[in-house]
Amino acid sequence: MNKTTHFDDAVNLIKRAKHMVAFTGAGISVESGIPPFRGRGGLWNSYDPALLELDEFKNKPKDSWKLLKKLFYTHFGTAKPNGAHYALADLEENGFVKAVITQNIDNLHQLAGSKNVIDFHGNISRMVCLACKHFFARSDYSLNDLPLKCKECGGLIKPDVTFFGEAVPEPANTLANRQAEMSDVFLIIGSTGEVYPAALLPETAKETGAKIIEVNTSETQFTNKITDIFLKGKATEIMGELVSSLLAGSKNWERYFLR
Ligand code: NAD
């Protein structure tokens with residue numbers, strides 16, 4: 001089957017869908033200047049993955065915070081949404097997307113205007129106290145005096161991001177599984193499928209009857225196992241083309257045709 005046929009099939013599937021859910025990984029933010037973890041140019045080539053281990057963070061909070069400040073708040077924190085983030089927000093506004101489940105922590109879906117976002121691994125725009133579990137907005141703290149201490153109890157503050165050794169937060173886990181089960185089309189964008197339990201969500205969607213559309217620059221763990229339509233290419237290009245076809249004539253369509 002050629003690329004155009006695949007693309008047209010995807011458009012038709014989305015048009016007929018009653019409950020499409022998007023599932024995003026690091027790949028959707030690559031064109032915003034945030035590299036993925038793995039592969040060429042991946043963050044694990046420059047940073048030690050131990051940085052995101054809970055025990056390491058508790059044992060060496062000052063060192064960990066210095067690196068987290070650089071990675072999360074200087075690098076990720078200054079990135080802007082790209083066309084693929086905006087495409088999902090526009091598809092939600094026009095009723096095509098019911099929810100976005102993201103493994104990303106960069107807050108770019110929210111900045112693009114997506115409303116129903118499930119942060120499966122947390123979000124750097126929030127902080128949490130490990131002692132009293134009080135949540136704070138990122139803006140409640142300056143990052144000058146590290147490690148951060150809780151304004152309520154003096155406990156150690158951590159970005160509200162799931163570290164290795166931590167469970168996926170609730171209610172995100174329950175909500176994400178419910179959305180996967182409810183979906184009739186599940187749109188995966190830029191995820192290797194190597195991070196668990198997140199990688200089980202597309203499988204749940206498939207088992208409960210959803211068609212799987214996948215957007216990625218290369219094949220992944222999902223492609224030959226559960227994917228029905230694989231759209232090979234960069235997230236901004238494929239999502240721009242999809243949204244141009246789906247939203248032609250609607251409020252935001254010009255920005256995709258005129259890009
Ligand atoms: P990953 O790093 O394992 O893989 C990224 C995937 O994106 C790969 O399959 C790659 O082929 C694809 N990709 C790269 N550029 C692309 C593009 N322009 N368009 C489309 N696809 C592209 O990512 P993962 O599976 O999401 O798992 C890593 C974990 O680390 C996740 O929890 C993820 O959220 C987290 N992480 C988050 C960020 C972020 O918040 N932006 C960045 C790095 C890692």
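Ligands are counted one by one from 1 in listed order, and the atoms in each one are counted from 1 as well. Keep in mind it's a predicted model, so treat the numbers as computed, not measured. By convention here, the first residue in the shown sequence is residue 1.
Contacts between Ile34 and ligand 1 below 4.0 angstrom, taking non-hydrogen atoms only, involve the side chain exclusively. Within the 4.0 Å heavy-atom criterion, the part of Ser29 lying near ligand 1 is the side chain and not the backbone. Proximity of Val30 to ligand 1, defined as any heavy-atom pair under 4.0 Å, is confined to the side chain (atoms from C-beta onward). With a 4.0 Å cut-off on non-hydrogen atoms, Gln103 touches ligand 1 through its backbone as well as its side chain.
Of all protein heavy atoms, the one lying nearest to atom 19 (N) of ligand 1 is Ala235 N, 2.9 Å. Scanning all protein heavy atoms for the shortest distance to atom 36 (N) of ligand 1 gives Phe37 CE1, 3.7 Å. In this structure, atom 39 (C) of ligand 1 lies nearest to the protein heavy atom Asp106 OD2, 3.5 Å. The closest protein non-hydrogen atom to atom 16 (C) of ligand 1 is Gly27 O, 3.5 Å. Looking only at heavy atoms of the protein, atom 28 (C) of ligand 1 is closest to Arg38 NH1, 3.6 Å. Of the protein's heavy atoms, Val195 CG2, 3.4 Å lies nearest to atom 27 (O) of ligand 1. Taking atom 9 (O) of ligand 1 as the reference point, the nearest protein heavy-atom neighbour is Asn216 ND2, 3.0 Å. For atom 4 (O) of ligand 1, the closest non-hydrogen atom of the protein is Thr192 CG2, 3.1 Å.
The distance from ligand 1 to the heavy atoms of Gly25 drops below 4.0 Å at these ligand atoms: 26 (O). Taking a cut-off of under 4.0 Å to the non-hydrogen atoms of Ser218, the atoms of ligand 1 that pass are 11 (O). Near His121, the atoms of ligand 1 lying under 4.0 angstrom from a non-hydrogen atom of the residue are 32 (O). The atoms of ligand 1 that sit less than 4.0 Å from any heavy atom of Asn104 are 33 (C), 34 (O), 37 (C), 38 (C), 39 (C), 40 (O), 41 (N).
For Phe230, the ring pair (Phe, Tyr, Trp, His ring centres under 6.0 Å) criterion is met by no residue, not counting sequence neighbours. Not a single side chain to side chain donor-acceptor pair (under 3.5 Å) links Thr192 to another residue, sequence neighbours left out.
More than 12 heavy-atom neighbours from other residues, nucleotides or ligands sit within 6.0 angstrom of NZ on Lys158. Atom CG of Asn59 has more than 12 heavy atoms from other residues, nucleotides or ligands within 6.0 Å. The local environment of NZ in Lys151 is crowded, with over 12 non-hydrogen atoms from other residues, nucleotides or ligands closer than 6.0 Å. Atom CZ of Arg178 has 12 or fewer neighbouring heavy atoms from other residues, nucleotides or ligands inside a 6.0 Å radius.
Note: Phe164 and Trp44 have tilted aromatic rings, judged against thresholds of 30 and 60 degrees for the angle between ring planes. Taking the six-membered ring for Trp and thresholds of 30 and 60 degrees, Phe57 and Phe163 have ring planes more than 60 degrees apart, a perpendicular arrangement.
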* **Derivation of the side-chain contact (heavy atoms from CB on, under 4.5 Å) call for Asp184 and Lys211** => CA-CA 6 Å; Asp184 53 3; Lys211 292 283 185 198; over 6 Å; no
* Asked: Given Glu92 and Asn116, is the side-chain hydrogen bond (donor to acceptor under 3.5 Å, both in side chains) satisfied, shown in steps?
  -> CA-CA 8 Å; Glu92 181 180 354; Asn116 191 13; 5.6 Å; no
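At least one heavy atom of Pro35 lies less than 4.0 angstrom from ligand 1. In this structure, Glu194 has no heavy atom closer than 4.0 Å to ligand 1.
The pair Asp228-Lys206 meets the salt-bridge criterion, since a charged nitrogen lies less than 4.0 angstrom from a carboxylate oxygen.
Checking Gly233, Ala26, Gly190, Ala199 against atom 6 (C) of ligand 1, the nearest heavy atom belongs to Gly190. Nearest-heavy-atom check against atom 22 (C) of ligand 1 across Thr217, Leu231, Ile105 picks out Thr217.
No hydrogens or angles considered: a donor-acceptor pair under 3.5 Å links the side chains of Asn173 and Asn177.
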